[in-house]
Every structure is written in structure tokens, then in C-alpha cells.
Engineer: 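Sharing a structure here in C-alpha cells format.
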Amino acid sequence: MAVYDETSIKILEGLEAVRKRPGMYIGSTDKRGLHHLVWEIVDNAIDEVINGYGDYIKVVLNKNGSITISDNGRGVPIGMHESGKSTPEVIYTILHAGGKFTESGYKVSGGLHGVGASVVNALSKYMDVVIYRDGKISNIRFEDGGKVDIPLKQVGESKKTGTTVTFMPDYEVFKGASFSYTTICERMQESAFLISGLTIEVVDEEEDKTEKYFYENGLNSFIEYINEDKNPLCNIISFNNVKNGIEVSVALQYTDTYNENILSFVNNVKTPDGGSHEVGFKTGLTKAFNDYAKNNNIGKGTLFDGSDVREGLSAVISLKIPEALLQFEGQTKAKLGTPEARSITESITYEQMKFFLEENREVALNIIDKATKSMEARDAARKARELVRSGKGKEKKEKVLSGKLAKATGKNNEKNELFLVEGDSAGGSAKTGRNRETQAILPLRGKVLNCEKASSNDIHANEELNTLIYAIGAGIGNEFDPKDSNYGKIIIMTDADDDGAHIQTLLLTFFYRFMRPLIENGMLYIANPPLYALDFGKYKEYVATDEELEEKKKTIKGTYKVQRFKGLGEMNSDELYETTMCPETRSLIKVSITDAALAEKRVSVLMGDKVEPRKEWINENVDFTLEDSFRKE
Ligand code: 28G
């Protein structure tokens, strides 16, 4: 039985503070917060590897909802601390003010984690730590938010070294949340890319699944993975340099697509909102290309825009920044602030790219050719916009839209909704049934262009998409501004069959590539038409899914007919309005991007022109949706 002295009481008060305001320590108590606990413990294991001890980390999702993380590092020291407590007890119960220091001098993360293993302990029903060190196996166990259950004691002998931590999150705190194998795998894969030579294994005991990640070539492997289903235009270019204690590593490669895909990391943690390092990288890259073009008399004498030299670019930027220089910005601390990171990344990128271009003339010419085309396309787009502003353009716009778009009569853009409807027949019903004041209908004929490999010129030449762009009226690509949108909601309404799903995917790809802020601002929706109607004679009830139909069948007495809707066209206009369009009775699916990098990867796998990866991906993800990265809520 533990004795409670003054310091013990202080410690318990500290842990209690975490339990009272978990959000302050781990951001939130939803699924995200729950995963923070994992990252916190895994980061400690990663630290040990970065310090040069161990090369293997394993994460096991246990059947009972607990999780076990182990490494083969030195093992947490097991000696007595000056306080009279064992070192492990101190490490797992004392809150670290600010963030923790590491031996390498680089704090693992600057964001919400880095709060220490004691926070995880505070939010766990129990935590069990097994340490292999000094020929011994030692164990300490905590319960109910960090109270010592069994103090550190030897439980065996072993020549192994390392640490194993098992914890059961307090699901009273993380109500309804559960660990996601996919989320954990994706993050572990990312860590394995960033730390060459590290093996990370993830096991799901419940589902009997396991993944193992190991990459010998770090960032190069990362780029290989990102571009695996794209066609590269050059070999992977990579460089690494240190200035003023800041280490910059970059790998990049151009592909024949039109998208730019830049991922950045600081001290092995992703910076999803970029920041000074990304700005520096972009400036350095643009300058290198513009200088090269000028010095070699290539191109048109006009300077490239940054976006021109990033067309088709995939890049991973990884910085190591000493603790003292770390600065993050924004609510989620997902953006690097450190000003030195900008100038240092810029100068390293500029020097290295300049050198590379001079040594690789053929590649240089190839990329500059692509950038020149981008510049011309930009120019063409600008001229087209100017045309729209002048009378002629208005005429053209009206002509493109006439006979297709049924406009809303109301003038409140934010309240207005644009329905993109599959097929003329459903389009007709939607036009008849709609609320004319707020709802506009644009029927889509045939298949939408696959935008994965389309340039903005291709898009402008495509009648179907052109109509859509004019209807929304907020521009496209870099010029797109959701504030100019004629509609507060854009709603994709297709049949609930394979063709409908395909059209949805094609439209999602278009919006993702060319009007991404629309998704980011939560303005894109998918309509959710019913699959069945139960006809009771006097009235009908509508049912959305097969499961719901089975449930309903069990409870209903009396006679009824089941009608299955094969498509939107089978509903009459009133039915279509009531079930799928009426704001009071419909259910809409909001499209959101939870992880841009993943969405990027998935869009290129699904929509790219390489057949094998697509087949593989579809086989692995049987239900053909863009879940997770395109979360539908
Ligand atoms: C299993 C999941 C997570 C860890 C270590 C190794 C050491 C350590 C961890 O020390 C205490 C305080 C300052 C030095 C350090 C072992 C030095 C020598 C370690 C982990 C000691 C922290 N030998 N491995 N902590 N410092 N793995 N994996 O947590 O003075 S945490």
C-alpha cells in the first residue's frame, strides 16, 4: 500500500488537473484526442531510436480496447530517484511543464503532444510498464488515472533491453471513441519514412491484421510511395544540409500530372498547415528555375510564377530544429513559425536546385517546358476571365448556361443551393419539384471528365464542366474564391448505383482538384435518396438502406408493398423533393477532407491512368468510397 506524503499529494493533484481538463493537454476527448495518447507514447519510443538506441517499435491494438507499445531501446532507467520514488514512477506520474526535453536536443513535437507519458497515465483506467534492462525484467502498474497499483518490482530475468507500455484509455473520458487501425498504420508508416532503418509493426488483435513498415531510403522511399501510381518525369532529387543548427532534408520528383503535392515535417511531426519552411522551399525553388532559365536563355523572358514550377511536383520537406528555435502558429499548432527556417530552407533549396539543374540539362529543359505551358495556360485563363467581365463573355456565359441551368429566383446566394443531377430525366423531376426560390438545378449529361490528369485548359474546353464553373461563378484553381459562389450549398444528386457512385467520384475529383476551398468550407454535399418506399396505400414511408428495411419489416403489421427505386428517375417530382431535396426532410452527406495527403494519394490511385494500383486499391477497399480521407459526415 502506497504511503501518501506531500509530494505524492502534489502529483495526484497534477494528474487530477489533467482529468479535469483533458482538452488542455491533448486537444480534445474525441477520436483525435484518443489517438494523441498513442502518439505520445510512440513518440517516446521514436525518441529512443533517434538517440541511437533500438530499431524496432511495435504497436498492438488489443482485443479489450487497450493498446501495447514496445521498443527495443535501452529501457527506462529503473534506479531510485532522489525523491525516493523509482525513476519509472516519476516519469509516468509527474507532469512535465511545457514540453519534454530529449537527449538529441530536438523536441519531438511542438504541437499538442510532447506533454509526456504522465498525461496518458492520467487518462487511463490502468497502465502497465514492463522494462527490460540490466539483465532484469521490471514492472510497475498504475490504475484509475495514474495511482500506483503495484510499485516497481523485478518480475524476471532477461538479456533483452527495451520498454513495453500497455494502457487502457478511460473510455468514460473518450466517450464513444475507439482506436483506428488505419489511422495508426498511416501515422506509423509516415514515421518509418522519416526515420530510415526503423521498423514499425502494427497489429490488430481483434481483426487479426498486421502491417510492417521499414524503409532504407527515407524521404526517397516516401516520394516513391507518393508517386507510385503516377508517371515520373525525372529521377528523385534529394538533398540535405545543416545551417545554424537547423537541418533541412528534401526529396522531390516531377510527374506528368498537374497537381502539386508538398508534405512538410518538423522534428518528425507533420506540419499540415505548412509554415516558414514551406515558404522558404517554394521561394528557393522558384528562384532556382527563374535564374536557370535566364542564364541559359530558355523560356520567354517572363518570370515563372511559383505555381508554374510546382505543377506536377511531389515533395517532402523534413526539418530538424533545436528546441530553443521552435515556434508554432495557429490554433492547432500545425504551422511552423520559426523565421530562421524560412531563410535557411530557401538558401539550401536554391543552392541545391541550382546545382542540380546545371548538372542535369535535359531534366531542367523538360521541367521548364512544363512550367512554360503552365504559364501560358494561366495567361489563357486570365484572358478568358477578362472576356467574361466584358460584354462578350457575359453573352457566352448566358449561352453556355441557357437551357441547362434552372436558376433559383431568390437573390440570397448563401441560402441558395445548386443541385447537380445525374441525367436529364431526373433533372426534369428536380426542376418541377424544387423550391424555385432557393434551389437551382443543373442536369449533367453523360460522364463527367476525369480531372485527375486534366490541365485547366482541358477543363475550360469541356462543355459539361464549363457549365458547372459558370453556374457556380466563383472561378477555378488558384483563382477560385468560395465567397463569390452563387450558392451556399452544392449538392451532388445521383442514382444510388455503380454509375452514380462513379459520377460522384468524378465530381469529387474535380472539386478536390479545382475548387478545394469549397470542400474545406463545408459547401459540398451528396444527396442521399431513399432506396425503398413502403406503400401502405394511403401513405408511403421511405427507407434509406437495406438494414433499415429489414428493421422496418420486423415491426410493421398490416399489408404494404415494397418499391425499390433503381434511380432518381423512378420517383415523381413530389417524391423526389420530399425525400431528397426538401431541407426539412432530406438527409445530406457533407463532404470533408480529413487528411489532404491521403485524399491526394487516394484520388491519384482511383483516378490516375495506371490500372494496376487502382485494381489493387479497389480490391483492398471493397466498398468503393473515399472514406477517411474524404470523410462523409
Ligand atoms: C514502449 C513505449 C514507449 C523509452 C527510454 C530510455 C531512457 C529514458 C525512455 O530515460 C529518463 C531522464 C533524464 C536520463 C535514457 C535509458 C538514458 C539511459 C533512457 C519508451 C534519463 C528517460 N537509459 N526508452 N526514457 N531520463 N521508451 N517507449 O517510452 O536522464 S522512454
Side-chain angles (χ1 to χ4, degrees), residues 11 26 34-62 66-109 113-124 126-142 146 152 154-155 158-169 179 184 187-188 191-192 194-195 198-203 205 213 267-269 323:
I11 289 167
I26 52 160
L34 179 69
H35 285 87
H36 264 302
L37 305 184
V38 183
W39 314 148
E40 195 59 53
I41 301 297
V42 167
D43 280 353
N44 291 339
I46 288 179
D47 251 7
E48 186 65 0
V49 174
I50 290 173
N51 287 332
Y53 304 95
D55 58 1
Y56 177 78
I57 296 171
K58 187 173 179 180
V59 181
V60 182
L61 284 78
N62 301 309
S66 70
I67 197 159
T68 301
I69 298 151
S70 41
D71 68 44
N72 63 348
R74 289 166 294 181
V76 174
I78 52 175
M80 278 315 221
H81 192 253
E82 54 192 31
S83 62
K85 298 175 192 305
S86 67
T87 308
E89 185 176 332
V90 170
I91 288 178
Y92 290 98
T93 59
I94 294 185
L95 287 188
H96 299 257
K100 57 189 186 221
F101 285 84
T102 62
E103 288 165 56
S104 54
Y106 297 120
K107 201 166 75 165
V108 183
S109 71
H113 39 106
V115 287
S118 55
V119 167
V120 180
N121 200 5
L123 299 172
S124 295
Y126 62 81
M127 180 184 258
D128 189 88
V129 182
V130 179
I131 296 160
Y132 301 82
R133 193 183 163 104
D134 305 335
K136 295 193 271 193
I137 308 175
S138 310
N139 174 227
I140 182 167
R141 198 179 156 89
F142 308 88
L152 189 73
Q154 185 176 346
V155 293
S158 172
K159 290 202 178 81
K160 280 199 329 186
T161 64
T163 307
T164 298
V165 175
T166 299
F167 66 92
M168 173 67 83
F179 288 125
I184 293 173
R187 168 105 178 192
M188 294 305 101
S191 296
L194 293 169
I195 302 156
L198 166 62
T199 300
I200 309 186
E201 208 172 341
V202 186
V203 179
E205 290 282 4
Y213 304 106
N267 297 352
N268 297 317
V269 176
E323 160 107 62

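Whatever order the structure lists ligands and atoms in, that order sets their numbers, starting from 1.
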Engineer: Can you sort out which atoms of ligand 1 are near Ile91, meaning under 4.0 Å from one of its heavy atoms?
Structural biologist: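 Under 4.0 Å from Ile91, ligand 1 has these atoms: 11 (C), 22 (C).
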Engineer: Minimum heavy-atom separation for Leu198 and Tyr56, please, with both atom names.
Structural biologist: CD1-N, 4.0 Å
Engineer: Report the part of Ser70 in contact with ligand 1, treating N, CA, C, O as backbone and CB onward as side chain, heavy atoms under 4.0 Å; options are side chain, backbone, both, neither.
Structural biologist: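 The backbone, only.
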Engineer: Using a strict 4.0 Å cut-off to heavy atoms of Thr163, name the atoms of ligand 1 that fall inside it.
Structural biologist: 1 (C), 4 (C), 24 (N), 27 (N)
Engineer: Could you tell me, atom by atom, which parts of ligand 1 come under 4.0 Å of a heavy atom of Arg133?
Structural biologist: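 Answer for ligand 1: 16 (C), 23 (N).
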Engineer: So, does Thr87 use its side chain to make a donor-acceptor pair with the main chain of Gly79 at under 3.5 Å?
Structural biologist: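 Flag set: sc Thr87 to bb Gly79 pair under 3.5 Å.
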Engineer: Which class fits the ring pair Phe167 and Phe179: parallel under 30°, tilted 30 to 60°, perpendicular over 60°?
Structural biologist: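 The arrangement is perpendicular - the two ring planes meet at more than 60°.
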Engineer: Taking only heavy atoms of Ile41 into account, list the atoms of ligand 1 that are under 4.0 Å away from them.
Structural biologist: 2 (C), 3 (C)
Engineer: Looking at every non-hydrogen atom in both residues, tell me the closest pair between Ser191 and Ile200 and how far apart they are.
Structural biologist: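 So the two residues come closest at CB-CD1, 3.9 Å.
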Engineer: At under 4.0 Å between heavy atoms, is it the side chain or the backbone of Lys58 that contacts ligand 1, or both, or neither?
Structural biologist: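 None of Lys58 does.
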Engineer: Nearest heavy-atom pair of Thr163 and Val76: which atoms, and what distance?
Structural biologist: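 Shortest heavy-atom separation between Thr163 and Val76 comes out as OG1-N, 3.2 Å.
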Engineer: Examine distances only and state if a side-chain atom of Asn121 and a backbone atom of Thr93 form a donor-acceptor pair shorter than 3.5 Å.
Structural biologist: no
Engineer: Tell me which one of Ile78, Thr87, Asp71, Asn44 gets a heavy atom nearest to atom 27 (N) of ligand 1.
Structural biologist: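 The residue whose heavy atom sits nearest atom 27 (N) of ligand 1 is Asp71.
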Engineer: Please tabulate, for the side chains in residues 127-139, all donor-acceptor contacts under 3.5 angstrom to protein atoms that are two or more places apart in sequence or on a different chain.
Structural biologist:
| unit_1 | atom_1 | unit_2 | atom_2 | d |
| --- | --- | --- | --- | --- |
| Asp128 | OD1 | Asn139 | ND2 | 3.4 |
| Asp128 | OD1 | Arg141 | NH1 | 3.4 |
| Asp128 | OD2 | Asn139 | ND2 | 3.3 |
| Arg133 | NH1 | Arg74 | O | 3.4 |
| Arg133 | NH1 | Gly75 | O | 2.7 |
| Asn139 | ND2 | Val129 | O | 2.9 |

Engineer: Can a non-hydrogen atom of Gly75 be found less than 4.0 Å from any atom of ligand 1?
Structural biologist: yes
Engineer: Does Asn72 use its side chain to pair, donor to acceptor, with the backbone of Asp55 at less than 3.5 Å?
Structural biologist: yes
Engineer: Can you confirm, on distance only, whether ligand 1 has an N/O atom lying under 3.5 Å from any N/O atom belonging to Thr164?
Structural biologist: no
Engineer: Quick one: which ligand 1 atoms are inside 4.0 Å of a heavy atom on Val76?
Structural biologist: 9 (C), 31 (S)
Engineer: Counting heavy atoms only, which of Glu48, His81, Glu40, Arg74 comes nearest to atom 24 (N) of ligand 1?
Structural biologist: Glu48
Engineer: At the 4.0 Å heavy-atom cut-off, does Gly73 count as touching ligand 1?
Structural biologist: no
